[in-house]
2 protein chains.
Amino acid sequence: MKIDTTSPDLSAQIAKAIREAIISGELSVNDRLPSEAELSEQFDVGRTTVREALKRLAAQNLIRTQRGAFGGAFVNKQSFQDAQAAHITTSTLLLSMNDVSFDTAWEARFALEAACAPLSCQRRTADHLATMRAEIHRQGQPGLTDEAFCASDVAFHRALVDGAQNPVLSYQLAGAVEAIEPLMNMITFTARSREAICDMHTSIADGLEAQDSKTVEAGLSALETYTLTLARDVITSRDQQRR
Amino acid sequence: MKIDTTSPDLSAQIAKAIREAIISGELSVNDRLPSEAELSEQFDVGRTTVREALKRLAAQNLIRTQRGAFGGAFVNKQSFQDAQAAHITTSTLLLSMNDVSFDTAWEARFALEAACAPLSCQRRTADHLATMRAEIHRQGQPGLTDEAFCASDVAFHRALVDGAQNPVLSYQLAGAVEAIEPLMNMITFTARSREAICDMHTSIADGLEAQDSKTVEAGLSALETYTLTLARDVITSRDQQRR
DNA sequence: GACTTTTAAATGTCTGACAAATGAAAATTG
DNA sequence: CAATTTTCATTTGTCAGACATTTAAAAGTC
């Protein structure tokens with residue numbers, strides 16, 4: 001592991017070297033890295049620089065640190081849970097910073113969700129169904145705020161995705177499903193549209209319960225079209241107001 | 001923005017505070033953060049601690065720094081390209097560190113790819129088709145190493161996904177498609193299986209060219225089943241050798 | 001007005017110091 | 001001897017101060 005000590009980004013270089021050692025398997029889960037003092041000797045830099053490199057790795061969840069004798073920096077096991085949270089954050093920022101149209105994000109989300117539908121039909125448990133029914137019930141409550149409705153909507157679709165019982169799918173989908181929530185919140189639904197959405201959710205849940213993927217896909221497709229129409233109306237009327 | 005100066009993770013707290021300011025929109029793209037000296041005053045911590053916080057954010061691509069007068073830390077625009085690279089790294093580590101079975105990863109990958117197929121049929125350009133044909137041709141070359149074959153395979157499928165012309169889809173899919181490559185490399189294909197794979201790739205490309213999503217989906221499905229069978233054979237024989 | 005020099009501001013790095021946590025080893029005690 | 005307490009070395013967390021380097025604006029020069 002060599003670095004160019006003349007370049008002014010030593011901590012980035014050191015982080016990269018260690019990161020690559022982890023990715024290549026040279027360092028395994030729970031392996032202990034050399035202490036900061038040892039690393040600073042090895043790389044011939046100050047301890048400050050080493051620490052900045054370690055913080056970079058910690059920010060990526062690649063290592064954790066522990067104080068005290070026999071403490072140090074240890075290679076982290078990537079958990080689906082943590083990775084998912086980070087993935088959602090990044091996806092959300094990507095959408096908000098890149099002027100991604102609602103159409104594009106919505107299309108991606110439903111295309112991916114539809115891919116889960118057949119698997120979820122096969123494997124969904126009573127738990128998944130119960131979650132979905134509970135969320136549908138919540139969505140029917142009159143006093144619900146728009147934010148709470150959207151959150152419940154996300155929970156409903158997450159249950160559908162999780163029903164496929166494939167952690168890789170759940171992880172990848174989380175980004176698409178959750179990141180769109182802020183965009184959804186911009187489109188405030190009327191009480192009437194909520195009722196229609198609940199009906200479609202019920203139809204989807206019925207299909208999953210009956211393990212009938214045709215019904216589920218039809219319900220998802222209807223939901224996609226319906227929401228897209230609503231969204232376009234909202235955007236059109238907003239543009240008109242702006243004139 | 002307040003932090004608990006008695007807790008021993010000041011830099012993480014500061015990073016979190018700034019991160020949330022970015023996510024909430026309080027700080028916008030290209031906004032300049034206060035200088036390190038100013039931040040260290042605001043948070044009442046040393047400059048070292050502030051710098052560690054900033055390095056954390058830099059590791060997540062949330063900020064960039066620039067030296068000199070009128071330099072400083074600026075909020076980064078998240079680019080799909082950078083986010084995709086990070087996403088692939090994380091996905092790869094997730095698979096390798098969590099004993100995800102080949103079956104699970106493979107199922108997720110094909111379910112997601114199949115979701116892109118109809119869209120790609122509609123929108124793929126001549127460029128995408130040309131890339132796919134070129135990769136098929138490369139895959140037929142006899143001297144190709146296993147690694148190169150797998151890389152070409154990834155490029156082929158990436159072209160299919162990109163054909164949907166939806167950056168959100170491409171971003172999400174990249175994780176699933178690329179992260180499985182190391183697992184694929186473990187399964188060394190014989191020359192004969194390569195031929196069969198090329199045939200299926202050709203069938204998929206033909207379907208895309210004819211904008212016939214049925215053919216594409218059939219090709220993908222055949223490829224999924226075929227590779228899965230191969231993989232199971234390899235794993236079974238490997239287990240037998242171990243006895 | 002065009003060019004050069006100066007200067008102030010900012011990040012990048014290093015050193016040395018001390019605080020705090022932590023587990024092992026040694027000392028103490030019953 | 002066994003259980004408990006104390007000591008101690010190690011390691012991370014934080015700070016202050018220093019200097020190098022970069023950078024663009026400001027001042028000076030022709």
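Per chain, numbering begins at 1; letters A, B, ... match sequence-line order.
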Peer 1: May I ask you to evaluate whether A:Arg51 reaches the phosphate of D:dG13, defined as a side-chain N or O under 4.0 Å from OP1 or OP2?
Peer 2: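 Yes, such a contact exists.
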Peer 1: Please figure out whether A:Pro8 or A:Leu54 has its closest DNA chain D nucleotide nearer the 5' end.
Peer 2: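 Result: A:Leu54.
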Peer 1: Heavy atoms under 4.0 Å, any strand shown: does A:Gly46 hit a base, just sugar-phosphate, or nothing?
Peer 2: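 Sugar-phosphate: the residue A:Gly46, judged by heavy atoms under 4.0 Å, touches backbone atoms but no base.
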Peer 1: When all nucleic acid strands are considered with a 4.0 Å heavy-atom cut-off, which category describes A:Arg64: base, sugar-phosphate, or nothing?
Peer 2: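 Touches nothing.
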Peer 1: Taking for each residue the nucleotide of DNA chain C with the nearest heavy atom, is it B:Pro34 or A:Gln66 whose nucleotide lies nearer the 5' end?
Peer 2: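 The answer here is B:Pro34.
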Peer 1: Could you tell me the separation between the CG atom of B:Asp9 and the C1' atom of D:dT12, rounded to a whole number of Å?
Peer 2: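 From B:Asp9 CG to D:dT12 C1': 12 Å.
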Peer 1: Within the 3.5 Å criterion, strictly below it, is a donor on B:Thr6 or B:Asp4 matched to an acceptor on the partner's side chain?
Peer 2: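 Result is yes, a qualifying pair exists.
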Peer 1: Looking only at side-chain atoms of B:Leu10, point me to the closest of D:dC15, D:dT12, D:dT21.
Peer 2: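 Nucleotide nearest to B:Leu10's side chain: D:dC15.
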Peer 1: Starting at atom CG of A:Leu39, determine the distance to atom P of D:dT11, rounded to an integer number of angstrom.
Peer 2: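 Taking CG of A:Leu39 and P of D:dT11, I get 11 Å after rounding.
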Peer 1: Between A:Tyr171 and A:Phe80, what is the ring plane arrangement, given parallel below 30°, perpendicular above 60°, and tilted in between?
Peer 2: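 Rings of A:Tyr171 and A:Phe80: perpendicular, as their planes differ by over 60°.
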Peer 1: Among side-chain atoms of B:Asn166 and A:Thr104, is any donor-acceptor pair under 3.5 angstrom?
Peer 2: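 A:Thr104 and B:Asn166 do not have a side-chain donor-acceptor pair below 3.5 Å.
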Peer 1: Within this structure, what is the CZ-to-P distance between A:Phe70 and D:dT12, rounded to whole angstrom?
Peer 2: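 From A:Phe70 CZ to D:dT12 P: 13 Å.
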Peer 1: Which of these passes salt bridge (charged side-chain N to carboxylate O under 4.0 Å, His left out) with B:Arg158: B:Glu178, B:Glu113, B:Glu135?
Peer 2: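 Only match with B:Arg158 under salt bridge (charged side-chain N to carboxylate O under 4.0 Å, His left out): B:Glu178.
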Peer 1: If I take atom CD in residue B:Glu36 and atom P in nucleotide D:dG17, what distance separates them, rounded to the nearest angstrom?
Peer 2: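 To the nearest whole Å, that distance equals 17 Å.
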Peer 1: Ignoring backbone atoms, test whether B:Arg67 places a side-chain nitrogen or oxygen under 4.0 Å from the OP1 or OP2 oxygen of D:dA24.
Peer 2: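 For B:Arg67, the contact criterion (side-chain N or O under 4.0 Å from OP1 or OP2 of D:dA24) is not met.
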Peer 1: Considering only heavy atoms of chain A and a distance under 4.0 Å, specify the first and last nucleotide of DNA chain C in 5' to 3' order that meet this criterion.
Peer 2: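 Nucleotide range in contact with chain A: C:dG12 to C:dA24.
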Peer 1: Scan for side-chain hydrogen bond (donor to acceptor under 3.5 Å, both in side chains) pairs involving residues 63-72 of chain B, sequence neighbours excluded, and state none if there are none.
Peer 2: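 Applying side-chain hydrogen bond (donor to acceptor under 3.5 Å, both in side chains) to every pair that reaches into residues 63-72 of chain B, excluding sequence neighbours, yields B:Asn30-B:Arg64, B:Arg64-B:Asn76.
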Peer 1: Quick one: label A:Ser35 by what it contacts on the DNA or RNA (base, sugar-phosphate, nothing), any heavy atom closer than 4.0 Å.
Peer 2: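 A:Ser35: backbone/sugar contact only, no base atoms under 4.0 Å.
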Peer 1: Remember a base hit wins even if backbone is also touched, and classify B:Thr49 as base, sugar-phosphate or nothing at under 4.0 Å, heavy atoms.
Peer 2: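 Sugar-phosphate only.
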Peer 1: Is any N or O donor-acceptor pair between the side chain of B:Arg47 and the base of D:dG17 shorter than 3.5 Å?
Peer 2: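 There is none.
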Peer 1: Just checking, any donor-acceptor pair under 3.5 angstrom between side chains of B:Asp127 and B:Thr125?
Peer 2: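 No, B:Thr125 and B:Asp127 have no side-chain donor paired with an acceptor closer than 3.5 Å.
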Peer 1: For DNA chain C, whose closest nucleotide is more 5', that of A:Gly68 or that of A:Thr48?
Peer 2: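 Comparing both residues, the 5'-ward one is A:Thr48.
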Peer 1: When A:Ser152 is tested against each of A:His137, A:Gln139, A:Glu147 for side-chain hydrogen bond (donor to acceptor under 3.5 Å, both in side chains), which residue passes?
Peer 2: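 Only one of A:His137, A:Gln139, A:Glu147 forms a side-chain hydrogen bond (donor to acceptor under 3.5 Å, both in side chains) with A:Ser152, namely A:Gln139.
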